[in-house]
Chemist: 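Here it is: the structure, laid out below.
All heavy atoms count here, side chains included; hydrogens, waters and symmetry mates do not. Throughout, numbering of the chain's residues begins at 1 and tracks the sequence.
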Amino acid sequence: MNAKKLGPSAADIQNHLYTSFLEGSTADVALCVHGTWDAVYKLHRVVLIQSGFFRSLFTAGFAESAPRIVSSTVPEEIVIHFDDINITRAAFEVCISRLYGGGPTLDIDPSLTPTFSQPLTPSFPYQPPPRKVPSDHHPATPRFLLSLLATAVYLSIPSLASQALSSVLSTIGPHTVLKYLHFAIGRPVGHHCESDEPEAAVGLESVAHLIEYEQSISDSGSAKADSSIYDYHVKQEDTADSKISYLTIGLDASKEYKMEDVAKQPSYHYGAISDKIGEACACWLAKWGVDIFHFEEQQESLAAWRERSIHSTRKRSKSAPSGSVPIAAVKAEEYCVPSIWSRGGLSAKWIAAIISADTFFIRGERERYDFARRVVELRRKHGIIASEEEEWIKLFDHGIYYSNMTMDDLIYISRDISPTTNQPFVPLATIQASLWTQSVLRHHITVRPVSSQSQPGLVPSSSSRDKELGVIQTGADILIAAGNPANDSKIYFSVPDGGSLSMDQLFSSNTLTLSPLPSSPTLESAGVTVANGALTTEAEFFGLRPSIYAHSPAIASDPKGQSQWSTYPPCRFAVEFWGLDSLKEKSRLFSHTIWYAGSMFNTYIQIVRKKGQVQLGIYLHRQSSIEPIPPSSAPTLSSELQKDGQDLPVVPTLRNRGSGSLSAVSSPLMQNTSQSSSTHSPPNDAGVPSSPPPSSVSSSLGSSLPTSLSYPSFSAISSPIAPLQPYRDPRSAISAYFIITCASATGSSQIRFASAPDVFSVGQSWGWKSSSMTEEYINVGAEKTTLPSGASQSEYSSLRATVALGLV
């Protein structure tokens, strides 16, 4: 005989508890909450102790946990002061309602959520379409999500904090990244009126018994006439129960903070959670920063165009302003781009940190300089601020590695004068020092004897002495040299050590053996996902700070003297791959080829299938000088580039997919380098070059492909271009370290792989494979997205990565 359960079900009990919460019936505790709002909540201990905060309050020996004789009709009064101004009424009420198993559904605006197919959110760069939030849903604005996270952390409700954090990370985009970054560095979330959101949680408006303040002034003739006594009373929204004994309570001194200036508020930091959000924002800015800046520049052009159109009585010209490409069927008033790089956005210190970062997605050092120049001039157009100028000096002195530029680039930069200050962006001494560093490194490479002479491209045997330049110093060496004043001005670059994965632990392109490394960070991890598990904090700009140190800081950061350092900056470049979903197994999709320190390098990706598992590998390859340069991955051109004849200024339109490349304005990374250029535009009368030219490139050495390699069959590849080679390294094998950082499709996380110095022969490839990247870029478990008519998925997918490479 089957036993039949009797009594109410779990759902019945939950409904009963939630109804008791809404009605305030049979409550045994009255919480008098004071913070950014003041109210009384009639609640139940047995439910509240699910929260770690209330469990400690009621059971950990506090006065509130002592047994008391309480009237059956009057709940026990407990006063709570929230000194965290990020805790708001709506967030608190949602937290409490979740403890009761209910509460409103949170409505996140789809226009705030980036996807694999629309990484900069669906509506960007235009105004999102109007939408109505369902009446029983609470609008989960960015401000509310941050407040909910802060409240859940304060009340110690891990499940809700995890959900709130996940919502924050999934909504990082152009319109939210600064708000989230400010939260990560301790700034308050602001008032609810700023976000046009309800003060109380939707559906829970009657749960709180609001407290109103009344000011009682003593008689004017009294000696205490100048002192004010504040009292408050419960606003009688529910007159059925007016016997509660806490109708009049004296105001606590902690209420004074409400009257302070916002600028004097303390900083609020939530440990690993704040660092996690900051890291995600830093990753996003590193990937999409250049793209967003293009839109900000265009928005300024639109503003200027509107100004001219309003004040001009002449008939508008049928052609667009000089230097722009017309847009098709775009209403200028719908263009909406937030200020990130311009004044009112990022601070100058953060701008310098992002542009200086090894993981900043920019093609090379020359492009990095050009970008820094444009950002600085944009800021200076709205006034020169002394504190900002100090950051620009640091940026141009140490944030850009001029020793990795060509002589033509250095000459151009030495003559580049700011039109705002009439001063050079880079001091001549900095350029001269970089040229000296470049020359010394060349001397080490070309003059150092090799064990045997051989034809270029062959692989003779060589000793380990020939493979290494001998330019590495340990922390102990730097400490010994500390007494010499000549060393005080030296700059040191950290070299990955044994804490990172060495090449022996990796795999070459012929020996595919390595377990997949961890993917994007989780709630438990506060740092960027790196091979050696390093964490990120605000002091390090959440992982953006490059490993560059002055003499004394280098010693301080390495107290044991075991770290390795180099006085030669690494070569930094960025690569982008399109059409990954069309890539066949064992086919290689190459990046453009760069030259560094006498050798040519490129990267490629490859799909590996083993035992039913699909993995995506990314490799750094030392290109042979006698082998043909491989064609590089390139985006499919949009038909929008062919449209013209409009009378509005150009507005770049995003491809709907992860490259973030512009169809009307090309991405800075993908600037056309097919045109050879060895000369630059002459300076104008003010000494300012007419337009920053691209780095010089030479013509292709050949177009034939080696028969041993398999290339993708789709057409999204460009003609092979060989970089200019000032000299060649005669060694067949070198010792090198490198770091490859791959950004996620939406940009809010990274996978970073680091290799300690090891042997790198001509034609050799080293790299990693990961199944986590496959999920985003090869459509394995990826979202199903409706693409524009006539578009293939290969047009709308790209993988962005940055490389830092150094010789030792």
Chemist: Any heavy-atom pair between the side chains of W350 and I354 that's under 4.5 Å?
Modeler: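 The answer is yes; the side chains approach within 4.5 Å.
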Chemist: Do the side chains of P338 and F295 get nearer than 4.5 Å, heavy atoms only?
Modeler: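 No, side chains not in contact.
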Chemist: Donor-acceptor pair, distance only, cut-off 3.5 Å: does the side chain of Q615 make one with the backbone of K769?
Modeler: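 Such a contact is absent between Q615 side chain and K769 backbone.
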Chemist: Which heavy-atom pair separates E77 from C32 by the least distance, and what is that distance?
Modeler: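 Minimum heavy-atom separation between E77 and C32: CG-SG, 3.7 Å.
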Chemist: Can you name the side-chain contact (heavy atoms from CB on, under 4.5 Å) partners of S25, sequence neighbours left out?
Modeler: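 So S25 forms a side-chain contact (heavy atoms from CB on, under 4.5 Å) with S20, E23.
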Chemist: For V202 and D136: C-alpha separation, side-chain torsions, deciding distance, then whether side-chain contact (heavy atoms from CB on, under 4.5 Å) applies.
Modeler: CA-CA 7 Å; V202 171; D136 59 342; 5.5 Å; no
Chemist: With heavy-atom distances below 4.5 Å as the criterion, would you say the side chains of I751 and W768 are in contact?
Modeler: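 Contact flag for I751/W768 side chains = no.
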Chemist: Kindly give the heavy-atom pair with the smallest separation between I340 and P174, and that separation in Å.
Modeler: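 Scanning both residues, the minimum pair turns out to be CD1-O, 3.8 Å.
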Chemist: Test of understanding: with side-chain hydrogen bond (donor to acceptor under 3.5 Å, both in side chains), list the residues that count as partners of Q163, not counting sequence neighbours.
Modeler: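 side-chain hydrogen bond (donor to acceptor under 3.5 Å, both in side chains) list for Q163, sorted by chain: empty.
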Chemist: side-chain contact (heavy atoms from CB on, under 4.5 Å) for Y268 and I85? Distances and angles first, verdict last.
Modeler: CA-CA 9 Å; Y268 299 94; I85 62 175; 3.6 Å; yes
Chemist: Rounded to the nearest 0.5 Å, what's the gap from CG on L148 to OG on S167? Could you check?
Modeler: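 One gets 8.0 Å once the value is rounded to the nearest 0.5 Å.
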Chemist: Among residues at least two apart in sequence or on other chains, which ones pass side-chain contact (heavy atoms from CB on, under 4.5 Å) with R343?
Modeler: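 Listed in chain order: R379, H382, I385, E388.
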Chemist: For S159, give me all partners under side-chain hydrogen bond (donor to acceptor under 3.5 Å, both in side chains), at least two apart in sequence or on another chain.
Modeler: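 So S159 forms no side-chain hydrogen bond (donor to acceptor under 3.5 Å, both in side chains) with any residue.
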Chemist: For S342 versus E296, what's the shortest heavy-atom pair and its separation?
Modeler: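 So the minimum-distance heavy-atom pair works out to OG-OE1, 2.9 Å.
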Chemist: Can you run down the side chain to side chain donor-acceptor pair (under 3.5 Å) pairs that involve residues 96-113, sequence neighbours left out, and say none if there aren't any?
Modeler: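 As it turns out, the side chain to side chain donor-acceptor pair (under 3.5 Å) pairs with a partner in residues 96-113, which skip direct neighbours, are H44-Y100, D107-R131, D109-S111.
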Chemist: The criterion is side-chain contact (heavy atoms from CB on, under 4.5 Å); which residues satisfy it with A200, sequence neighbours excluded?
Modeler: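 side-chain contact (heavy atoms from CB on, under 4.5 Å) list for A200, sorted by chain: R89, E93, E205.
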Chemist: Looking at SG of C95 and CD1 of I157, how far apart are the two atoms once the value is rounded to the nearest 0.5 Å?
Modeler: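 Answer for the SG-CD1 pair, C95 versus I157, is 4.5 Å.
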Chemist: Quick test of your reading: applying ring pair (Phe, Tyr, Trp, His ring centres under 6.0 Å), list the pairs with at least one residue in residues 149-181, sequence neighbours left out, ordered by first then second residue.
Modeler: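 The answer is F53-Y154, F82-Y154.
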Chemist: Can you find a heavy atom in the side chain of L204 that is under 4.5 Å from one in the side chain of F92?
Modeler: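 They are not in contact (no side-chain heavy atoms under 4.5 Å apart), so the answer is no.
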Chemist: When you compare the side chain of L346 with that of L181, does any pair of heavy atoms fall below 4.5 Å?
Modeler: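 Contact flag for L181/L346 side chains = yes.
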Chemist: I need the I87 CD1 to L149 CG distance, nearest 0.5 Å.
Modeler: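 Here the rounded value is 11.0 Å.
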Chemist: What is the distance from atom OG of S56 to atom CZ of F58, rounded to the nearest 0.5 Å?
Modeler: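 S56 atom OG to F58 atom CZ measures 10.5 Å (nearest 0.5 Å).
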Chemist: Restricting to non-hydrogen atoms, name the atom on S274 and the atom on F542 that form the minimum distance, rounded to 0.1 Å.
Modeler: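 Residues S274 and F542, closest heavy atoms: O-CE2, 4.3 Å.
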Chemist: So L145 and F183, side-chain contact (heavy atoms from CB on, under 4.5 Å) or not? Walk me through it.
Modeler: CA-CA 11 Å; L145 291 175; F183 176 84; over 6 Å; no
Chemist: Does some side-chain heavy atom of V207 sit less than 4.5 Å from a side-chain heavy atom of Y41?
Modeler: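 Counting from C-beta outward, Y41 and V207 do come under 4.5 Å.
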Chemist: Looking at R143 and G190, would you say the former's side chain and the latter's main chain have a donor-acceptor pair under 3.5 Å?
Modeler: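 Such a contact is found between R143 side chain and G190 backbone.
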Chemist: Restricting to non-hydrogen atoms, name the atom on P198 and the atom on P139 that form the minimum distance, rounded to 0.1 Å.
Modeler: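 Minimum heavy-atom separation between P198 and P139: CD-CG, 3.5 Å.
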Chemist: Would a distance-only check, ignoring hydrogens and angles, find a side-chain to backbone donor-acceptor pair under 3.5 Å from W37 to L210?
Modeler: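 Side chain of W37 to backbone of L210, a donor-acceptor pair under 3.5 Å: no, none is there.
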Chemist: Could you state the interatomic distance from CZ (F541) to CD1 (I185), rounded to the nearest 0.5 Å?
Modeler: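 So the CZ of F541 and the CD1 of I185 are separated by 9.5 Å.
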Chemist: Do the side chain of T88 and the main chain of S147 share a donor and acceptor less than 3.5 angstrom apart?
Modeler: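 No; judged by distance alone, with no hydrogens or angles, the pair does not exist.
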Chemist: Taking the side chain from N15 and the backbone from A11, do they hold a donor-acceptor pair closer than 3.5 Å?
Modeler: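 A pair under 3.5 Å: yes.
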Chemist: Under 3.5 Å, side chain of W288 to main-chain N/O of G173, donor-acceptor pair present?
Modeler: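 Pair absent, no side-chain N/O of W288 close to backbone of G173.
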Chemist: Do N86 and Y270 have side chains that approach each other closer than 4.5 Å (heavy atoms only, starting at C-beta)?
Modeler: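 N86 reaches Y270 side chain to side chain.
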Chemist: For H269, enumerate each residue passing the side-chain hydrogen bond (donor to acceptor under 3.5 Å, both in side chains) test, keeping only those at least two apart in sequence or located in another chain.
Modeler: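 Partners of H269 by the side-chain hydrogen bond (donor to acceptor under 3.5 Å, both in side chains) criterion, ordered by chain and then number, come out as D275.
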Chemist: Report the C-alpha distance between L165 and L169 in whole Å, list the side-chain angles of each, state the deciding distance to 0.1 Å, and finish with yes or no for side-chain contact (heavy atoms from CB on, under 4.5 Å).
Modeler: CA-CA 6 Å; L165 177 60; L169 297 180; 4.1 Å; yes
Chemist: Suppose we screen for salt bridge (charged side-chain N to carboxylate O under 4.0 Å, His left out). Which residues come up paired with R545, at least two apart in sequence or across chains?
Modeler: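 Result, salt bridge (charged side-chain N to carboxylate O under 4.0 Å, His left out) vs R545: none returned.
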Chemist: Would you indicate whether the side-chain heavy atoms of Q750 and K287 approach each other to under 4.5 Å?
Modeler: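 The answer is no; the side chains never approach within 4.5 Å.
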Chemist: Taking only residues two or more places apart in sequence or in another chain, which ones pass side-chain hydrogen bond (donor to acceptor under 3.5 Å, both in side chains) with D12?
Modeler: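 D12: side-chain hydrogen bond (donor to acceptor under 3.5 Å, both in side chains) contacts with S9.
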Chemist: Nearest 0.5 Å please: distance from the CG atom of L146 over to the OG1 atom of T141.
Modeler: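 If I round to the nearest 0.5 Å, the distance is 8.5 Å.
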Chemist: If the condition is side-chain contact (heavy atoms from CB on, under 4.5 Å), which residues does Q50 pass it with, not counting sequence neighbours?
Modeler: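 So Q50 forms a side-chain contact (heavy atoms from CB on, under 4.5 Å) with V47, L99.
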Chemist: Quick one: closest heavy-atom pair of I172 and S748, and the distance?
Modeler: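 For I172 versus S748, the nearest heavy atoms are CD1-CB, 4.2 Å.
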